[in-house]
There are 2 protein chains.
Amino acid sequence: MDIAKQLSHIPLFQGLEPQYLETLARIAVKKFFKRGETVFAEGDPGIGFHIITSGRIKVYKTSPDGKEQILHIMSQGEPFGEVPVFTGQRFPAYAEAIADTNTLFMPRDDFMNLIRTEPSVALSMLSVLSMRLKRFTSLIEDLSLREVPGRLAAYLLYLSERDQGTDDINLEISKTQLASILGTIPETLSRILARMTREAIIESDDKRHVRICDRTAIEELAAGERRLA
Amino acid sequence: MDIAKQLSHIPLFQGLEPQYLETLARIAVKKFFKRGETVFAEGDPGIGFHIITSGRIKVYKTSPDGKEQILHIMSQGEPFGEVPVFTGQRFPAYAEAIADTNTLFMPRDDFMNLIRTEPSVALSMLSVLSMRLKRFTSLIEDLSLREVPGRLAAYLLYLSERDQGTDDINLEISKTQLASILGTIPETLSRILARMTREAIIESDDKRHVRICDRTAIEELAAGERRLA
DNA sequence: ACTTTCCGTTGACCTACGTCAAGGTTTCTC
DNA sequence: GAGAAACCTTGACGTAGGTCAACGGAAAGT
């Protein structure tokens, strides 16, 4: 596989001069993680970060009694594990492959050198981190200010928008994982999906699929203007 | 006042060549916000960011029914409002002065130009954003995986460490605001402080002061290994 | 100094959501 | 393709923490 060609499709490196892509290609190390394999653990030192070329990764925290909060699910083209690269500290969370995953690993020192000579990479990375801060802000808002039905509604709208506003939403993950993204547990999510189905707001027969039947109701739930019976 | 001199004390610009400091000084605009004044609102377009030279700012989200979640309290030397500078989108949260505050405002375009010529500023900014992501990660963990006593304990330890491990902690903010940082409400916080006092873990007679009496108990609470009676 | 507003505390009450348990079903694994 | 493991759902139950209300004290604006 031509690594430089793969890199040229990564948003982070859009518009980068070919010569730098070549440099990066020499730096990057291909890695593979089997489904279920840990990529890094909280507290590990970070000597570089990954870019996903195929597969899917979850980044998450756990509580002592085993509850899990997913921070991100990353897929093709997305970088992850950059925080320790720039703080010089350790990973603040866990990362695990939830499908067989290929990544390109960028060692810290080489990447820092590239940034020093090529500011557009720095600007791209600043943009990536800023987007992530924005998403975290919205996750914090969810956890602190919204109830679970509102979070679910907002998440469904988010998925719907991402797929050009379709009403047929492919979750792409298990409902257990969806619960963990929403900051709740499978039992609670299951009950809420059942209630929303009963009120004809959604249909959720299949396992990884939800169909929006009453978009207005979903929007009102997400805005906190409506409650389930 | 010599703006360049002020800028030289900002961590973000540590080690920057004097010539660039001069450039920045010409770019920067002094601003003043009275206590209670809004610096920006969620949804405002961001044409630049601020650096605090004196005072204190809270960055927060609100729910439709008025509950507030504080994301950060920023003070001297800290930058805030950078996210829209790099995403090109709007502010994801509110910012309000909680004391009379002076800032230096850095317009977006000029700052971007500086980054393009001076990569060390980009690296500093990457570090600032990464630190912030780390703190958000820990706030998300708190909200999702810990109960309020555990969050409070962790916050007290954080303040204690920041002041060289002292047992006499100066909160510097009202307890209402502390509640809003911890993702709860004043009533609940008040009850928990009372319980911790009853168990001789802390003393909290004065308004903005807490004294740690049993540090081990606090550490156990923060780790989730202990519960209040 | 006076008044109005904000802050902190406590009590009685309620509810969203987590826990525990048990069932059926789908999906890995060997 | 058989067994094991993980997933999904529903019921009964418990509780952390939010809501509403009331009151004393501090602080801020006039």
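Letters A, B, ... are given to chains in the order of the sequence lines, protein chains preceding strands, and every chain is numbered from 1.
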Please determine whether a side-chain nitrogen of the Lys or Arg among B:D168 and B:R211 lies less than 4.0 Å from a carboxylate oxygen of the Asp or Glu.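 Yes, this pair counts.
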Taking [atom1] from [X] and [atom2] from [N], how many angstroms apart are they, rounded to a whole number?
X      : N      : atom1 : atom2 : result
A:M196 : D:dT9  : CE    : C1'   : 17 Å
B:L182 : D:dG18 : CG    : P     : 11 Å
B:I192 : D:dA16 : CD1   : P     : 10 Å
A:D100 : C:dC28 : CG    : P     : 11 Å
A:E187 : D:dC13 : CD    : C1'   : 13 Å
A:R227 : C:dA16 : CZ    : C1'   : 9 Å
A:L145 : D:dG18 : CG    : P     : 11 Å
A:E96  : D:dA6  : CD    : P     : 12 Å

Please classify the nucleic acid contact of [X] as base, sugar-phosphate, or nothing, using heavy-atom distances under 4.0 Å.
X      : answer
A:G36  : nothing
B:R146 : nothing
A:R208 : nothing

Consider the side chain of [X], meaning its heavy atoms from C-beta on, and name the nucleotide among [options] that approaches it most closely.
X      : options                : answer
B:V148 : D:dT9, C:dG18, D:dG17  : D:dG17
A:D65  : C:dT19, C:dT9, D:dC8   : C:dT19
B:I185 : C:dG8, D:dT19, D:dT10  : D:dT19
B:R35  : D:dG17, D:dG29, D:dT19 : D:dG29

Considering residues, nucleotides and ligands other than B:K134, do more than 12 of their heavy atoms fall under 6.0 Å from its NZ?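 Counting neighbours around NZ of B:K134, 12 or fewer heavy atoms of other residues, nucleotides or ligands fall under 6.0 Å, so no.
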Would you say [X] places a side-chain N or O within less than 4.0 Å of OP1 or OP2 belonging to [N]?
X      : N      : answer
A:T184 : C:dC17 : no
A:T188 : C:dC17 : no
B:S174 : C:dC6  : no
A:S190 : D:dT9  : yes
B:R191 : C:dG11 : no
A:K175 : D:dT9  : yes

Nearest nucleotide by nearest heavy atom, which residue falls closer to the 5' end of DNA chain D, B:P149 or B:K34?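 This one resolves to B:P149.
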Upstream residue (5' side of DNA chain C) when B:I173 and A:G183 are each assigned their closest nucleotide: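 Mapping each residue to its closest nucleotide by heavy atoms, the 5'-most match is B:I173.
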Can you name the nearest heavy-atom pair linking B:I57 to B:A95, along with the distance?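 In this case the closest contact between B:I57 and B:A95 is CG2-CB, 4.2 Å.
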Of B:E68, B:E96, B:Q69, the residue whose pairing with B:Y60 passes side chain to side chain donor-acceptor pair (under 3.5 Å):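 With B:Y60 as partner, B:E68, B:E96, B:Q69 yield a single side chain to side chain donor-acceptor pair (under 3.5 Å), made by B:E96.
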Would the distance check show the side chain of A:T101 and the main-chain N or O of A:R56 forming a donor-acceptor pair, the cut-off being under 3.5 Å?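 It does hold such a pair.
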Under 3.5 Å, is there a donor-acceptor pair between the side chain of A:E78 and the main chain of A:S75?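 At least one qualifying donor-acceptor pair exists.
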